[in-house]
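Note that the numbering runs from 1 along the sequence shown for the chain. No experiment lies behind these values; they were computed from the predicted model shown. When a ligand or atom number is given, it counts from 1 through the structure's own listing order.
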Amino acid sequence: MLINMSTKATKEEINHVIERIRECGFQAHVIEGAERTVIGAVGNSGRRSEIEALRAAPGVEDVIQIAHPFKLVSRQLKPTRTIVEVGGVRIGAEDAVVMAGPCSVESEDQLMQTAYAVQAAGARLLRGGAYKPRTSPYDFQGLGVEALGFLKQASSATGLPIVTEVMSEVDVETVAEYADMLQVGARNMQNFSLLRKLATVKRPILLKRGPSATIKEWLLAAEYLLAGGNANVVLCERGIKTFETATRNTLDLAAVALVKELSHLPVIADPSHGTGLRNLITPMAKAAIAAGADGLMIEVHPCPERALSDGPQSMDLPGFAELMKQLGQDRVRQFKAA
Ligand code: PEP
Ligand code: MN
């Protein structure tokens with residue numbers, strides 16, 4: 001970090017800042033310019049927040065961060081890309097990986113039909129919500145443990161590993177018993193007690209970006225997982241809130257490209273929640289892969305008009321098969337179906 005002293009800073013004020021930098025566990029490097037003094041706080045093991053607080057010290061004009069506040073997720077620390085393995089499927093390797101399935105698990109029949117179809121079309125993981133974070137308490141809230149049982153059954157029948165959302169700390173153990181990968185939903189991205197708990201489970205985590213989260217906040221949420229001991233984290237861009245109302249969210253594909261530069265973790269995109277519109281899923285799925293996404297999450301329902309959640313953004317079974325066919329033909333990135 002750099003501490004930019006004011007042009008009017010006195011010798012005492014400069015010396016005080018140097019002393020504080022040392023007290024906080026950093027080395028102080030002083031650069032005396034013609035007009036002002038700049039002091040670098042150098043080192044890995046100091047207390048950064050206390051250096052940031054020096055903004056309030058007399059004679060200090062600004063404190064500028066040079067290194068990223070997220071360390072473990074950053075490529076500055078680990079330049080090689082991380083590959084996250086979920087039930088034998090490698091995310092972040094050569095192939096783009098597609099996770100597909102219904103928004104909510106509604107019945108055994110609905111899930112089995114979808115699971116067989118997405119597997120046949122080339123999806124590598126099965127998704128499906130058992131615990132649903134719904135905006136209204138009057139909407140379908142998910143079948144809970146019963147849905148987890150259906151997901152397990154569908155996984156055994158198709159060989160597809162399962163990814164499903166865990167909404168609360170109290171459900172972590174139960175969901176981890178059934179699922180191969182645990183999803184942190186967008187609304188829970190900054191549920192820090194949930195993140196701390198998930199850092200201790202032996203399951204990979206899919207961390208969705210919060211609807212109003214900056215990239216820094218998203219990566220710091222991932223940092224909680226890595227700092228707590230879980231290195232198997234996949235990030236998912238699922239659209240953010242903007243002034244636009246024509247789409248449900250604004251799928252931020254620049255974030256996909258940027259996060260691939262900033263972090264070694266795999267990044268996938270969810271054009272279903274990212275647009276809310278079925279017709280936009282194929283173009284945005286292609287665009288996400290072109291931007292560097294390591295995979296996609298797609299909502300699929302055997303009869304979207306009857307879906308209990310997110311019908312308008314769900315593809316039907318033939319629609320999904322066509323999307324997979326087109327992704328295979330595009331070859332922007334190596335693409336291997338199951
Ligand atoms: C979901 O994947 O079904 C979901 C609720 O997504 P998000 O948390 O991105 O809204
Ligand atoms: Mn959904």
Side-chain angles (χ1 to χ4, degrees), residues 86 97-106 110-111 114 118 123 125-137 139-144 147-148 150-151 161-168 171 175 179-191 194-195 198 204-213 217-218 221-222 233-242 247-253 255-256 259 267-278 280-281 284-285 288 293 295-316 320:
V86 185
V97 168
V98 176
M99 318 176 174
C103 177
S104 301
V105 176
E106 298 168 5
Q110 171 244 19
L111 185 67
T114 313
V118 299
L125 273 90
L126 178 65
R127 66 144 286 146
Y131 299 88
K132 294 304 301 176
R134 303 307 301 281
T135 302
S136 163
D139 287 340
F140 179 62
Q141 303 286 308
L143 296 179
L148 294 176
F150 296 151
L151 285 164
I162 297 299
V163 53
T164 193
E165 176 163 354
V166 56
M167 280 173 56
S168 155
D171 298 322
V175 179
D180 300 281
M181 181 178 224
L182 307 189
Q183 175 173 325
V184 177
R187 294 158 188 82
N188 259 325
M189 188 204 83
Q190 284 189 319
N191 180 340
L194 177 63
L195 294 175
L198 289 172
I205 308 296
L206 182 68
L207 179 64
K208 287 199 153 191
R209 179 182 182 183
S212 307
E217 287 164 340
W218 186 20
V233 176
V234 175
L235 300 162
C236 178
E237 162 60 40
R238 49 76 73 200
I240 52 173
K241 282 192 192 296
T242 66
T247 47
R248 181 179 178 188
N249 289 293
T250 297
L251 186 66
D252 183 4
L253 292 183
V256 171
V259 168
V267 187
I268 69 162
D270 171 353
S272 305
H273 293 90
T275 65
L277 298 167
R278 184 178 313 131
L280 297 188
I281 293 172
M284 295 318 285
L296 299 164
M297 174 171 262
I298 309 283
E299 286 189 337
V300 182
H301 195 285
C303 184
E305 69 168 67
R306 290 180 189 270
L308 298 184
S309 60
D310 288 350
Q313 68 189 39
S314 297
M315 295 189 114
D316 61 13
F320 178 70

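Side-chain contact annotation: Ser309 with Ser104, donor-acceptor N/O pair under 3.5 Å present. Side-chain contact of Gln313 with Arg248: a donor-acceptor pair under 3.5 Å is present, judged by distance alone. Side chain to side chain, Asp310 and His301 fail the donor-acceptor criterion of an N or O pair below 3.5 Å.
Within the model, atoms OG1 of Thr247 and CG of Leu277 stand 7.0 Å from one another, a figure rounded to the nearest 0.5 Å. The structure places CZ of Arg209 at 4.5 Å from CD1 of Ile240, a figure rounded to the nearest 0.5 Å. Atom CE of Met99 sits about 11.5 Å away from atom CD1 of Ile162, to the nearest 0.5 Å.
Atom 4 (C) of ligand 1 has His273 NE2, 3.5 Å as its closest protein atom, hydrogens excluded (heavy atom only).
Numbered from 1 in the order shown, with element, the atoms of ligand 1 that lie under 4.0 Å from a heavy atom of Ala186 read 7 (P), 8 (O), 9 (O). Near Lys132, with a cut-off below 4.0 Å to any heavy atom, the atoms of ligand 1 are 1 (C), 3 (O), 5 (C). Per-residue contacts place Glu299 under 4.0 angstrom from the following atoms of ligand 1 (heavy atoms of the residue considered): 3 (O). Residue-ligand proximity, Gly185 to ligand 1, at heavy-atom distances under 4.0 Å covers atoms 8 (O).
Nearest to atom 6 (O) of ligand 1 by heavy-atom distance, out of Arg209, Arg238, Gln313, Lys208, is Lys208.
Between Asp270 and Arg127 there is no salt bridge, since none of the side-chain N atoms of the basic residue sits less than 4.0 Å from a carboxylate O of the acidic one.
Across Leu207 and Trp218, no two heavy atoms sit closer than the pair O-NE1, 3.3 Å. When every heavy atom of Gly128 is checked against every heavy atom of Thr164, the shortest pair comes out as O-OG1, 2.6 Å.
In terms of polar-atom proximity, Arg187 is counted as a contact of ligand 1, with an N or O under 3.5 Å from an N or O of the ligand. For ligand 1, the polar-atom distance check finds an N/O of Arg127 within less than 3.5 Å of one of the ligand's N/O atoms.
For a distance threshold of 2.8 Å, the protein N, O or S atoms nearer than that to the Mn ion (ligand 2), listed by chain and number, are Cys103 SG, His273 NE2, Glu299 OE2, Asp310 OD2.
For Glu217, the side chain to side chain contact (heavy atoms under 4.5 Å, CB included) partners two or more places apart in sequence, or in a different chain, are Met189, Gln190, Ala213, Thr214.
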